[in-house]
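For reference, the structure discussed in these notes is given below.
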Number of protein chains: 2
Amino acid sequence: MNATIKDIAKIANVSTATVSRVLNNAGGYNETTRKKIMDIANKLGYRRNEMARSLVQNSSNIIGVIMPNAATIFYADIVNGIESMAHTNGYSVILSHSGVNGNRFNECMDIMAARKVDGLVIVTVELNTEQVKLAESLNIPFILLSTDTPDNEAPYIKVNDFDAAYAATEFLIINGHTKIGLAGVDPNDRVAGMPRIEGYKKALEDNRIKFHSYMVKFGDFSFYAGKEAMKEYLKENILVTAVFGVSDDVALGIISAAYDHDLKVPEDLSVIGYDNTRVAEMSIPPLTSISQPFLEMGEEGCQRVIEAIHSKKGISSKIISYSLEIRESVKKIM
Amino acid sequence: MNATIKDIAKIANVSTATVSRVLNNAGGYNETTRKKIMDIANKLGYRRNEMARSLVQNSSNIIGVIMPNAATIFYADIVNGIESMAHTNGYSVILSHSGVNGNRFNECMDIMAARKVDGLVIVTVELNTEQVKLAESLNIPFILLSTDTPDNEAPYIKVNDFDAAYAATEFLIINGHTKIGLAGVDPNDRVAGMPRIEGYKKALEDNRIKFHSYMVKFGDFSFYAGKEAMKEYLKENILVTAVFGVSDDVALGIISAAYDHDLKVPEDLSVIGYDNTRVAEMSIPPLTSISQPFLEMGEEGCQRVIEAIHSKKGISSKIISYSLEIRESVKKIM
DNA sequence: CTGTTAGCGCTTTCAC
DNA sequence: GTGAAAGCGCTAACAG
């Protein structure tokens, strides 16, 4: 079996305390014993049992990550950010999926609680008040990424969807568009739906463009939602010169449907996306898109949690800035 | 602080042993005490400390997952598969990134060893013999996903890249193509490079089409590699009527460059991809692609590891079947 | 500089 | 049916 400090202690003829001290660079031993112990440890291929250590230190050095199952591309970046920051700080990452619609969230919390994670990063899951309470009941720092709670009960990092949607719409307006559609959006989505609709509306309003509800096509942020939306504009003879897709997938759906109907982008139709995922640059034409800094969100979210673990202070929320990645899917008209 | 079985025992006026028995449904107690203990546990919001349990049981109920940092889309599916299977079997998942080129693999192993994971799933990381030895030294079941080792020292699940590349090339041939390029491939990649080149060659050969090395454009499986490859065909006046991109990204790069030069896909150029990632269906035109069952690979890989944990037997490798997802990027000619 | 001791929270014999 | 006690591997006082 794997060697323990006991084994090392026995061979080295010292106490386990001394071994522990050496292994942890705790100081208080002379070089000879240090060398002797290290040699034996190496020879035995000793590896510390983090379980035992966690038990006595009452801290696991684990960050828990909870996210939905949906294999949307950008989770990869967020997780990358979290993991790398955790790793740099000597933490491990335990991952648990909360189900497609967050229905398994409570199970996730059970796991995290049982594993005694030191902190928690919750990605995109929409929490109700009860669930926030549940998270709080663990008495560990946690942060939400790319989502928030109705009453700001919990710290989060996200972009301001209202502003970002406003910016996207405004960009189309600046390029001379007035017949602007909004596609693929879920009006019941408090976090990524409603505010984007409102931002779109406000941008129109501020530029004295009348808002028409038929210009807004609801959907679930998917490629198919985009495709359907575009088909509807066409079928219903709604004139749009530009469409704001609430995700890159939606935008690609729009472009795809446009292509099916021999509409060229951006010549006949301008399209703007949201998320600036990897598909945006691979699109034809390359897609102009609102960029969310996912990697950074992961890193910074994790960092804030780790800081909170150490400082035992609360975590502050942050609105992280989006940017507009201008490519070739929007054309200036008039 | 969080309640422990000691607290429960004290309140219930029983021993911790009894509490433990009840909490684990171990039998050997009467209904009254069971009820009493459960009530108290619930009231106190008791959660088992998995750390402590792991320590005594010498098993963590954790599956370790090691994968490269590269945020390629399909990792999400693999991880989903792993996590869901782990969850179903009562295991947690600990995630560690091995760096872009696997350079951090040894660190990962240290983490996994220290956390005493019960099993290990290694995704896409190419291991050398020494690293396989390292993995074996942990004395826990492990499996490789979408990769293998030079001498089959370790169990794996992957598709046969040779066969899949053969099938892709053959599909183009069946559609009348004889001027077929291969693009974006890394000839030094033993797992995903070499066999695909060989499969491509063999398909040509079996159909009496002469192989020309100038038809093969090397690259790193990326969108840009595809773009560059296509540009080179054009610049060097190499006639290709079809190109096999060794990844969907490469295929999209080819399409993108073709589009830049007013070549239409599939009218002027047929393109086939590999991986059937989500971008394949969002491409214009929708991309015909070799499909790898990533979710399934994750699930089955994890399952095999878990089975091996219980049975203490070795894990067998599996060649998992690819399929050809036919969409619209390949045209029949002649 | 080093050893002794106690204990983290839990499971698991072995008694009764 | 239940309790006492030992121990998993480690750290952390406290002595010396």
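Labels below follow one simple rule: chain letters A, B, ... track the order of the sequence lines, proteins then strands, and each chain is numbered from 1.
- Here the nucleotide nearest the side chain of A:Ala17, chosen from D:dA12, D:dT2, C:dT2, is D:dA12.
- Distance alone, capped at 3.5 Å, places no donor-acceptor pair between the A:Arg115 side chain and the A:Ile94 backbone.
- Rounded to whole Å, the distance from CE on A:Met51 to P on D:dT11 is 14 Å.
- With A:Asp118 contributing its side chain and A:Ser59 its backbone, the two residues share no donor-acceptor pair below 3.5 Å.
- Using a 4.0 Å cut-off, some side-chain N or O of B:Arg48 falls inside it from OP1 or OP2 of C:dT11.
- Spacing between atom CD1 of B:Ile5 and atom P of D:dG3 amounts to 12 Å, rounded to whole angstrom units.
- Atom CG of B:Asp7 is separated from atom C1' of C:dC10 by 13 Å (rounded to the nearest Å).
- Candidate nucleotides C:dT2, C:dG9, D:dT11 were compared by shortest atom distance to the side chain of A:Asn30, and C:dT2 ranks first.
- For B:Arg34 and B:Asn25, the side-chain atoms include no donor-acceptor pair closer than 3.5 Å.
- At the phosphate of D:dA12, OP1 or OP2 sits under 4.0 Å from a side-chain N or O atom of A:Gln57.
- For B:Ser20, the side-chain atoms get nearest to C:dT11 when compared with the rest of C:dG9, C:dT11, D:dG3.
- Considering only the side chain of A:Val56, D:dG9 comes nearest among D:dT2, D:dG9, D:dG7.
- In the set D:dG9, D:dG3, D:dC10, the nucleotide with an atom closest to the side chain of B:Leu55 is D:dG9.
- Regarding contacts with the backbone of D:dT11, a side-chain N or O of A:Asn24 is found under 4.0 angstrom from either OP1 or OP2.
- Environment of CD in B:Glu31: crowded, with over 12 heavy atoms of neighbouring residues, nucleotides or ligands closer than 6.0 Å.
- Within the nucleic acid shown, B:Arg21 comes within 4.0 Å of at least one base atom, counting heavy atoms only.
- For B:Thr16, counting side-chain heavy atoms from C-beta on, the closest listed nucleotide (C:dT2, C:dT11, D:dA12) is C:dT11.
- For A:Arg115 and C:dG9, the CZ to C1' distance is 14 Å, given to the nearest whole Å.
- In this entry the distance linking CD of B:Glu50 with C1' of C:dG9 reads 12 Å, nearest Å.
- Judged by distance alone, with hydrogens and angles left aside, the side-chain atoms of B:Glu153 form a donor-acceptor pair with the main-chain N or O of B:Asp151 at under 3.5 Å.
- Going from atom CG of B:Asn49 over to atom C1' of D:dC8 covers 13 Å, rounded to whole Å.
- Here D:dC8 is the nucleotide among C:dT11, D:dG9, D:dC8 with the atom lying nearest to any side-chain atom of A:Lys6.
- Atom CG of B:Asn58 and atom P of C:dC10 are 18 Å apart (whole Å).
- Phosphate contact (OP1/OP2 of D:dG3, side-chain N/O of B:Ser15, threshold under 4.0 Å): present.
- The separation between A:Lys10 atom NZ and C:dT4 atom P is 14 Å, rounded to whole Å.
- When heavy atoms are screened at a 4.0 angstrom cut-off, A:Thr33 is found touching the sugar-phosphate backbone but no base atom.
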Self-check item: Working for salt bridge (charged side-chain N to carboxylate O under 4.0 Å, His left out), residues B:Glu300 and B:Lys318
Solution: CA-CA 10 Å; B:Glu300 183 145 3; B:Lys318 171 170 183 176; 3.1 Å; yes

